[in-house]
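Count residues from 1 along the sequence. Whatever order the structure lists ligands and atoms in, that order sets their numbers, starting from 1. Everything quoted here is computed from the prediction, not taken from an experiment.
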Amino acid sequence: AERRRRAAAVIEEVERSLATPTALLRGIADAMVAEMERGLRGDIHAQLKMLISYVDNLPTGDEHGLFYALDLGGTNFRVLRVQLGGREKRVVKQQYEEVSIPPHLMVGTSMELFDFIAAALAKFVGTEGEDFQLPEGRQRELGFTFSFPVNQTSISSGTLIKWTKGFSINGTVGEDVVSELSRAMERQGLDMKATALVNDTVGTLAGGRYMDTDVVAAVILGTGTNAAYVEHANAIPKWTGLLPKSGKMVINTEWGSFKSNKLPLSEYDKAMDFESLNPGEQIYEKMISGMYLGEIVRRILLKLAHDASLFGDVVPTKLEQPFILRTPDMSAMHHDSSHDLKTLGSKLKDIVGVADTSLEVRYITRHICDLVAERGARLAAAGIYSILKKIGRDKVPSSGSKMPRTVIALDGGLYEHYKKFSSCVEATLTDLLGEEASSSVVAKLANDGSGIGAALLAASHSQYG
Ligand code: ADP
Ligand code: MG
């Protein structure tokens, strides 16, 4: 009974500190809009970097030819080739391969990482079949999706600002990532030119637009989180170049680094941040994305184990190990709807090492997963809402004209596979928008849109015009 009382006290405190009432989400969205504006002005203290992508035209459907793409984002990277057939034939053929990055390369040297990538790419190029056609005398071209913050200097060059998501490699920050890749390709004897360097959000936006012309923004919910959207070029005070003909510019918000005293930051978040590779940074990302959700749950369960002997008299040592509880496992536990929570029980056995857990302990565990996932999903929805506010698609026009159909392309393993998470994002967005506006807004899964998007942007920026 005493244990139960103590568990209840911890849970109550967790519920309180993770709460995201709708009014709070509105305040967070307003704070994000203000930070976006600061970023667009070039304020060096702005939390949202609002990076200029140099993409001022999104794919039209006319793209033609063979193009490659390489997507380096989190734990995996993907290589892809696509034969584009123009307006009539669209994507004629597409092939991809996924390669996981050995963990030691994520914290090794720049050269090792890029050599590994270029080698995998060269191998993939070696398997190109007859049904892919490169015109005589042409060099193969590549769109490089690189999902880390980059100060872009042109469509095909940019320097790394910082590593995130568990990458920590000396000597890459400040370097041009396209030259790093090009040199590695040369070392592999691979004759290929990267004609577009894009963030995964920008790639997803491009891929999404190719599929649906009403796409205005893209959001990634995967290992990390980020968003890009189409801005009016004249609403970017820091842009000093010529105004693009289209009048538009795609902005990579880098919203993962958002932080605000409005964010419901608990003791668990603070401790996780403190012990992370990048303390004080990517606070919004750490509350939302796949790399961290399971870890937050682990920390809460550990507290329950300590304070309320949730898993018996001794605290299971495995539970003390950071990142032992991964978000896909959390998702599996959360989705267990069996009467005895059997899946959840066996997950606890595998991960925490406790063989028989009572039904009550399993319910508590599921409840913790629910609290952490719901907070993340609701905060993500507030972010999407802030972009809609920024571009004036958050409400029906006051002129009385109809609100244009507005599509957000979403991608990332978290959004794709964690159903309760994605439904909560959508429900919260509907709630924030209200009935009328939400009927014009569609959240659409753009599965692996970023790879094809990068290939499309490589095509529209081809050296052969
Ligand atoms: P990245 O963000 O690294 O480019 P993905 O978009 O594929 O790659 O996202 C991978 C992330 O998605 C994983 O780190 C994991 O956190 C999350 N994820 C993958 N599968 C699931 C799942 N079944 N349930 C919850 N989260 C998942
Ligand atoms: Mg990715």
What are the distances between nitrogen or oxygen atoms of ligand 1 and protein nitrogen or oxygen atoms, counting only those under 3.5 Å?
from     : atom 1 : to     : atom 2 : distance (Å)
ligand 1 : 2 (O)  : Thr223 : N      : 2.9
ligand 1 : 2 (O)  : Thr223 : OG1    : 3.2
ligand 1 : 3 (O)  : Gly74  : N      : 3.3
ligand 1 : 3 (O)  : Thr223 : OG1    : 2.6
ligand 1 : 6 (O)  : Gly413 : N      : 2.9
ligand 1 : 9 (O)  : Gly413 : N      : 3.2
ligand 1 : 12 (O) : Leu414 : N      : 3.2
ligand 1 : 14 (O) : Thr223 : OG1    : 3.2
ligand 1 : 16 (O) : Gly290 : O      : 3.1
ligand 1 : 24 (N) : Ser331 : OG     : 3.4

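Residues satisfying the side-chain contact (heavy atoms from CB on, under 4.5 Å) criterion with Ala459, sequence neighbours excluded, are Glu63, Phe67, Leu84. Partners of Glu231 under the side-chain contact (heavy atoms from CB on, under 4.5 Å) rule, at least two apart in sequence or in another chain, are Leu40, Tyr229, Ala235, Ile236, Ile251, Lys390.
Using the six-membered ring where Trp is involved, Phe167 and Trp163 have ring planes that are parallel, under 30° apart on the 30 and 60° scheme.
Listed by first and then second residue, the side-chain hydrogen bond (donor to acceptor under 3.5 Å, both in side chains) pairs involving residues 48-58 amount to none (not counting sequence neighbours).
In this structure, Thr109 and Asn170 have side chains that are not in contact, with every pair of non-hydrogen atoms separated by 4.5 Å or more. Counting heavy atoms from C-beta outward, Ile387 and Trp255 have side chains that approach closer than 4.5 Å.
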